[in-house]
2 protein chains.
Amino acid sequence: MNRANNIINSDTPQSTEAVILKAASEVFMERGFDGARMQEIADRAGLNKALLHYYYRSKEKLFNAVFERVLIEMIEGMIQIFEDNLTVFESIRSFFKKHQEILMKNKLLPLFMLNEIQRAPELLIDLYPVDRIQVVRKKFYSDVNNEQHMGIIRKDVDPHDLFLNILSLSVFPFAAKPLLKGFYSMDENDFQSMISHRKENLADFVINAIKA
Amino acid sequence: MNRANNIINSDTPQSTEAVILKAASEVFMERGFDGARMQEIADRAGLNKALLHYYYRSKEKLFNAVFERVLIEMIEGMIQIFEDNLTVFESIRSFFKKHQEILMKNKLLPLFMLNEIQRAPELLIDLYPVDRIQVVRKKFYSDVNNEQHMGIIRKDVDPHDLFLNILSLSVFPFAAKPLLKGFYSMDENDFQSMISHRKENLADFVINAIKA
DNA sequence: GTTTAATTTAACCAACTGGGCAAATAAAAT
DNA sequence: ATTTTATTTGCCCAGTTGGTTAAATTAAAC
């Protein structure tokens with residue numbers, strides 16, 4: 001068994017397994033599980049449709065392989081950002097900067113994940129040890145608490161809410177990209193410059209909101 | 001033709017058309033266009049499947065009827081909130097309060113809309129006059145500008161960004177509901193109390209972020 | 001009451017979709 | 001070189017899906 005070890009969006013996949021996984025993640029991301037067709041995945045991989053079943057048995061198994069990879073990639077990326085020993089304000093700055101860059105590389109990721117978890121919530125618990133993210137969250141919470149006692153952060157800030165707010169501000173514009181394009185009549189370039197603009201300003205927004 | 005005039009989630013639909021539309025919006029919201037099955041819609045409406053085609057011709061037409069209604073309901077709701085002549089801070093408070101209540105009544109709405117617009121971006125321009133929302137946005141922008149000159153709101157706040165931030169904070173938790181349930185291991189009650197908590201605190205968060 | 005039009009139903013169909021399989025080809029092992 | 005194993009292909013299949021249609025039923029018009 002030739003386990004595929006390169007990143008999903010790598011430009012030079014070698015093994016057949018990896019070629020399939022790459023094509024599959026493209027199609028699943030664009031169309032979702034229900035909208036994706038095994039034939040389209042095969043076409044995009046330049047392979048016979050039966051090969052998908054040879055390597056991954058079923059559409060569901062193939063999807064799980066894609067989803068697990070994406071999920072881990074995303075969570076580990078987020079965890080890394082918070083792992084460094086920084087002040088809360090520095091963490092926030094660092095988070096927005098790096099997270100926006102990650103999402104910029106795969107703009108479909110947020111909506112894809114949100115949607116598939118809504119379709120099949122068991123994906124989350126089946127494919128990932130939820131505890132893993134708890135650790136980082138708890139650390140963030142206690143950091144916030146400390147700085148509240150030090151008079152840096154306002155006392156009425158709930159760390160739980162703060163975490164969710166940061167995530168909302170970071171992720172939502174990507175999930176809502178097609179909507180924004182319609183309402184603000186933006187093209188791809190407008191969207192990109194909006195994001196790089198936000199990459200710099202989101203942290204200020206949040207820090208102003210919570211500083212004592 | 002007995003045009004259905006009651007709200008989608010009304011409890012006492014009468015005409016067959018309305019019964020179909022209600023069942024259809026339920027199923028489409030839960031499963032999305034690709035995941036929805038005409039048979040399930042018929043079953044949930046307690047009607048023969050052929051009736052769906054008798055009244056709405058095709059799955060796509062039925063979906064459009066559902067989507068158009070939901071889209072208009074949502075946008076008009078949002079517009080109403082901003083239409084009153086309030087200060088920016090008051091508008092923000094009023095927006096979060098009312099918007100959270102609207103979303104609470106239909107928690108699936110955000111993810112549904114985001115997802116379907118990603119699938120078929122033409123839905124937006126085909127089914128709704130985009131200009132309608134421009135007016136309100138422009139008014140909000142000039143209100144913000146005024147209060148910036150009056151020294152109420154920080155000068156470095158970009159109204160465009162502010163609008164998007166408010167939307168992100170309001171909508172994202174609903175779109176991410178299944179994700180949050182998994183990560184925070186919340187049940188339905190936890191989610192509801194989180195939202196009512198946020199309904200009160202989101203405005204403070206934003207106002208602190210932008211006040212001069 | 002009878003005719004006419006609208007509504008509802010059951011049965012059916014063609015296209016699509018995920019998946020299976022046996023034969024063919026290529027690669028490894030001996 | 002030959003056997004054995006792994007990979008790839010073409011072809012097929014059964015179940016599902018959106019959609020049709022002719023007949024049955026109900027409601028409206030006369």
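Quick note: numbers below take in every heavy atom, side chains included, and nothing from hydrogens, waters or symmetry partners. Order of the sequence lines fixes the chain letters, A, B, ..., with proteins taken first and strands second; residue numbering starts at 1 for each chain.
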Does a salt bridge link R31(B) with E40(B), judged by any charged N lying under 4.0 Å from a carboxylate O?
->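 Answer for the salt bridge query: yes.
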
Ring pair (Phe, Tyr, Trp, His ring centres under 6.0 Å) partners for H197(B), two or more places apart |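 Result, ring pair (Phe, Tyr, Trp, His ring centres under 6.0 Å) vs H197(B): none returned.
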
Of all residues at least two apart in sequence or in a different chain, which pass the ring pair (Phe, Tyr, Trp, His ring centres under 6.0 Å) check with F89(B)?
->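 Checked F89(B) against ring pair (Phe, Tyr, Trp, His ring centres under 6.0 Å); zero matches.
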
Within 45° cone and under 6.0 Å: [X] NZ/CZ vs [Y] ring:
X	Y	value
R198(B)	F172(B)	no
R137(B)	F183(A)	no
R93(B)	F205(B)	no
K59(B)	F33(B)	yes

Report the distance from atom [atom1] of [X] to atom [atom2] of [N], rounded to the nearest whole Å.
X	N	atom1	atom2	result
L52(B)	dT8(C)	CG	P	12 Å
Y56(B)	dT7(C)	OH	C1'	15 Å
Y54(B)	dT26(D)	OH	P	15 Å
L51(B)	dG18(D)	CG	P	16 Å
E17(A)	dT8(D)	CD	C1'	15 Å
F63(B)	dG18(D)	CZ	C1'	16 Å

Can you give me the N/O atom pairs linking the protein to nucleotides 23-26 of chain C at distances under 3.5 Å, or say none if there are none?
none

Could you name each residue pair satisfying salt bridge (Lys or Arg N to Asp or Glu O under 4.0 Å) that touches residues 171-196 of chain A, not counting sequence neighbours?
->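 For residues 171-196 of chain A: K107(A)-E188(A), K177(A)-E188(A), K181(A)-E188(A).
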
Do N64(A) and E60(A) have side-chain atoms, one donor and one acceptor, less than 3.5 Å apart?
->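 No, E60(A) and N64(A) have no side-chain donor paired with an acceptor closer than 3.5 Å.
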
Just to confirm, is there a sub-4.0 Å distance from OP1 or OP2 of dT7(D) to any side-chain nitrogen or oxygen of T16(A)?
->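 False: T16(A) side-chain N/O out of range (4.0 Å or more) of dT7(D) OP1/OP2.
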
For dT8(C), take OP1 and OP2 only and decide whether either is under 4.0 Å from a side-chain N or O of Y55(B).
->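 For dT8(C), OP1/OP2 do have a side-chain N/O of Y55(B) under 4.0 Å.
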
Separation between CZ of R119(A) and CD of E30(B), rounded to the nearest 0.5 Å |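 So the gap between those two atoms works out to 14.5 Å.
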
Inter-residue atom distance H160(A).NE2 - F140(A).CZ, 0.5 Å rounding |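 Going from NE2 on H160(A) over to CZ on F140(A), the span is 12.0 Å.
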
List the protein contact pattern of nucleotides 10-22 of chain C with one symbol per nucleotide (5' to 3'): B for base contact, S for sugar-phosphate-only contact, - for none; contact means a heavy-atom distance under 4.0 Å.
-> B------SBBBB-

Between N or O atoms, less than 3.5 Å apart, protein on one side and nucleotides 27-29 of chain C on the other: list the pairs.
none

